[in-house]
Engineer: 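Pasting in a structure now, in structure tokens, and then I'll have a few things to ask.
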There are 2 protein chains.
Amino acid sequence: MNTSYQYPRPALTVDCVVFGIGASDAATRKLQVLLIQRDLPPFKNAWALPGGFVRINESLDQAAARELREETGLSKVYLEQFHTFGDPQRDPREHVVSVAHFALVNLFDHKVLAATDARDADWFDADQTPKLAFDHQLILTSAWQRLQQAVRQRPIGFELLPREFTLTQLQQLYEVILNQSLDKRNFRKKLLAMELLIDTQRKQTGVAHRAAKLYRFDRTKYQRLQKAGFHFEL
Amino acid sequence: MNTSYQYPRPALTVDCVVFGIGASDAATRKLQVLLIQRDLPPFKNAWALPGGFVRINESLDQAAARELREETGLSKVYLEQFHTFGDPQRDPREHVVSVAHFALVNLFDHKVLAATDARDADWFDADQTPKLAFDHQLILTSAWQRLQQAVRQRPIGFELLPREFTLTQLQQLYEVILNQSLDKRNFRKKLLAMELLIDTQRKQTGVAHRAAKLYRFDRTKYQRLQKAGFHFEL
DNA sequence: CCAAAAGTGTTTGAGCTACACCCATGG
DNA sequence: CCATGGGTGTAGCTCAAACACTTTTGG
């Protein structure tokens with residue numbers, strides 16, 4: 001490691017791939033991604049991932065959270081770094097290296113969201129976005145793959161649901177992210193066998209059919225088990 | 001994404017955690033890591049991971065490969081980015097963000113290696129290194145964890161072995177990386193069942209006991225199967 | 001009473017685990 | 001002929017996959 005202070009430096013940014021699951025419409029069974037419309041060149045008017053420059057004395061996670069807040073109004077969402085993109089040609093202006101994160105947003109509580117200050121932000125089906133700026137299509141695809149992997153190995157899917165949820169909601173979440181259908185009985189058996197879901201003794205309301213039980217994820221217990229070597233799987 | 005060209009930028013580096021398996025001494029059943037001794041402050045004389053600044057118009061992988069070559073003489077090794085470390089305090093001089101990679105070196109062929117130009121480089125047991133500079137202990141620990149994960153899910157362990165190897169060598173490799181012993185019969189059954197090892201019809205030489213069969217990993221077949229949805233596991 | 005989703009068990013087969021002895025080779 | 005690692009099979013068990021009907025509720 002040289003002391004090459006004199007060398008020009010690549011710029012450093014963070015980008016966020018914000019995922020959400022359609023709340024109200026049970027028909028919108030697609031993974032959603034939040035994009036913003038650029039108002040400056042390059043790629044003026046194109047849709048892009050929220051993101052921006054990392055400031056001095058700011059950690060990467062802080063930078064990602066800050067940019068997300070500034071550009072979309074979202075805060076306190078689950079954020080996880082997954083890859084750093086450094087192709088010198090990825091930004092036409094100059095060499096810009098971007099640390100990409102994925103974010104998981106609970107659309108049931110954050111309701112409409114786009115009503116914040118983000119007039120230029122909108123949700124799209126993750127597999128049917130418009131043409132994206134820079135290499136953001138690559139970043140998006142890569143984020144989805146990593147999310148699929150992550151959601152099988154760690155209980156982070158719950159970040160996309162309200163605190164209390166039904167097993168069907170949970171199953172649909174997995175189906176949407178993994179892009180495959182799952183067997184209802186086997187899914188429930190497996191999840192309940194982990195004993196990480198707390199039966200709240202409460203029921204779904206406002207549905208025109210038999211109301212489902214509501215569960216909560218037991219974070220505390222998970223952390224305890226994890227330390228004892230337990231490994232969440234699918 | 002603002003056009004904040006005027007803002008000061010964090011510096012950007014790559015660091016490499018170079019892993020190898022002891023070749024000759026069958027007793028040195030420890031995962032090895034390659035460190036270099038710093039000859040400049042800060043942390044002068046401390047041991048550190050090889051690495052250095054990313055240059056303009058150089059990709060991250062290129063930068064990692066270049067630094068590795070410059071500082072250790074190694075080239076054509078397997079390199080994989082695994083995490084980016086950006087704590088503003090991780091370098092006492094200023095804000096330096098580092099894209100960390102792990103590298104896998106075949107010590108059977110690269111023999112003594114340290115004989116290149118790297119007078120200040122040496123191998124250590126990965127779990128018994130001296131105190132390291134910066135946050136390099138954290139990076140090393142993190143790299144090992146990611147390697148354990150990676151080696152179970154993708155056939156990259158072969159990068160640590162010569163082109164032709166015995167099943168015992170392969171098993172010991174997994175045992176050293178995963179830090180646990182494996183059942184000989186079950187291990188062989190599983191690996192051979194994948195049908196990704198080619199029996200070279202040749203035998204180990206120069207050993208004072210029954211000579212073991214030599215195998216090669218069938219990369220071509222693996223790539224074919226992979227495209228068809230096959231997933232390497234353990 | 002009808003529509004819609006919730007909830008529930010069993011059978012089958014694949015694959016993992018545990019386990020011990022004979023074989024080939026060089027010295 | 002001895003020491004050293006190479007090489008092999010099986011039984012039991014666990015767990016994943018496949019699969020269909022009854023229950024509850026609101027409208």
Engineer: Assuming nearest nucleotide by heavy-atom distance, tell me which of A:L167 and B:D183 is located more 5' along DNA chain C.
Structural biologist: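 Final value for this comparison: A:L167.
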
Engineer: Among C:dA6, D:dG9, D:dG6, which nucleotide sits nearest the side chain of A:R188?
Structural biologist: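 When the side chain of A:R188 is considered, C:dA6 is the closest of C:dA6, D:dG9, D:dG6.
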
Engineer: Which whole-number value in Å describes the distance from B:L214 CG to C:dT25 C1'?
Structural biologist: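 From B:L214 CG to C:dT25 C1': 15 Å.
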
Engineer: Look at all strands and tell whether B:T168 reaches a base, only sugar-phosphate, or nothing, counting heavy atoms closer than 4.0 Å.
Structural biologist: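 Contact class for B:T168: sugar-phosphate only.
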
Engineer: Take atom CZ of A:F165 and atom C1' of C:dA6, then tell me their distance rounded to the nearest Å.
Structural biologist: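 After rounding, the gap between these two atoms is 16 Å.
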
Engineer: Send over the distance from A:N186 CG to C:dT11 C1', rounded to a whole Å.
Structural biologist: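 So the CG-C1' distance, A:N186 to C:dT11, works out to 12 Å.
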
Engineer: Select one nucleotide: of D:dG7, C:dA18, C:dA6, the one nearest the side-chain heavy atoms of B:K189.
Structural biologist: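 For the B:K189 side chain, the nearest candidate turns out to be C:dA18.
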
Engineer: So which one's nearest nucleotide on DNA chain D is more toward 5', B:H209 or B:Y215?
Structural biologist: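 Result of the comparison: B:H209.
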
Engineer: Starting at atom CD of A:E233, determine the distance to atom P of D:dC15, rounded to an integer number of angstrom.
Structural biologist: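 Taking atom P of D:dC15 as the reference, CD of A:E233 is at 13 Å.
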
Engineer: Using modelled atom types and a 3.5 Å cut-off, is there a donor and acceptor pairing between side-chain atoms of A:Q171 and backbone atoms of A:L182?
Structural biologist: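 Yes; judged by distance alone, with no hydrogens or angles, the pair exists.
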
Engineer: Of B:A211 and A:V207, whose closest DNA chain D nucleotide lies nearer the 5' terminus?
Structural biologist: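 The residue whose closest nucleotide sits nearer the 5' end is B:A211.
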
Engineer: Would you call the rings of B:Y222 and B:F232 parallel, tilted or perpendicular, taking 30° and 60° as the class edges?
Structural biologist: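 Perpendicular.
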
Engineer: Can any side-chain N or O of A:N106 pair as donor or acceptor with the backbone N or O of A:L161 at less than 3.5 Å?
Structural biologist: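 Flag set: sc A:N106 to bb A:L161 pair under 3.5 Å.
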
Engineer: Rounded to whole Å, how long is the line connecting atom CD of A:Q169 with atom P of C:dA5?
Structural biologist: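 To the nearest whole Å, that distance equals 13 Å.
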
Engineer: From C-beta outward on A:A208, which listed nucleotide comes closest to its side chain: D:dG27, C:dC19, C:dT25?
Structural biologist: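 Given the options D:dG27, C:dC19, C:dT25, the side chain of A:A208 is closest to D:dG27.
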
Engineer: At a heavy-atom distance below 4.0 Å, what parts of residues 190-205 of chain A sit against DNA chain C?
Structural biologist: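 Close to the strand, none.
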
Engineer: Can you say whether a donor on the side chain of A:R185 sits under 3.5 Å from an acceptor on the base of D:dA20, or the other way round?
Structural biologist: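 Under the 3.5 Å cut-off, the side chain and the base do form a donor-acceptor pair.
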
Engineer: Would you check, one step at a time, whether the test salt bridge (charged side-chain N to carboxylate O under 4.0 Å, His left out) holds for A:E71 with A:R38?
Structural biologist: CA-CA 11 Å; A:E71 298 198 332; A:R38 292 178 58 82; over 6 Å; no

Engineer: Does any N or O in the side chain of A:K221 come within less than 3.5 Å of the main-chain N or O of A:E195, such that one atom is a donor and the other an acceptor?
Structural biologist: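 Side chain of A:K221 to backbone of A:E195: a pair is present.
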
Engineer: Given that A:R210 and B:K184 both sit by DNA chain C, which one's nearest nucleotide is further toward the 5' end?
Structural biologist: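 The residue closer to the strand's 5' end, by nearest nucleotide, is A:R210.
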
Engineer: Provide, to the nearest angstrom, the distance between the CD atom belonging to B:Q172 and the C1' atom belonging to D:dG5.
Structural biologist: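 My rounded result for the distance is 10 Å.
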
Engineer: Is it the case that the base of C:dG7 and the side chain of A:K213 share a donor-acceptor contact (distance under 3.5 Å, atom types as modelled)?
Structural biologist: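 Answer no: no donor N or O sits under 3.5 Å from an acceptor.
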
Engineer: Can you find a heavy atom in the side chain of B:L74 that is under 4.5 Å from one in the side chain of B:R69?
Structural biologist: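 Side-chain contact under 4.5 Å: no.
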
Engineer: Tell me whether the rings of A:F85 and A:H83 are parallel (<30°), tilted (30 to 60°) or perpendicular (>60°).
Structural biologist: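 The rings of A:F85 and A:H83 stand perpendicular, inter-plane angle above 60°.
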
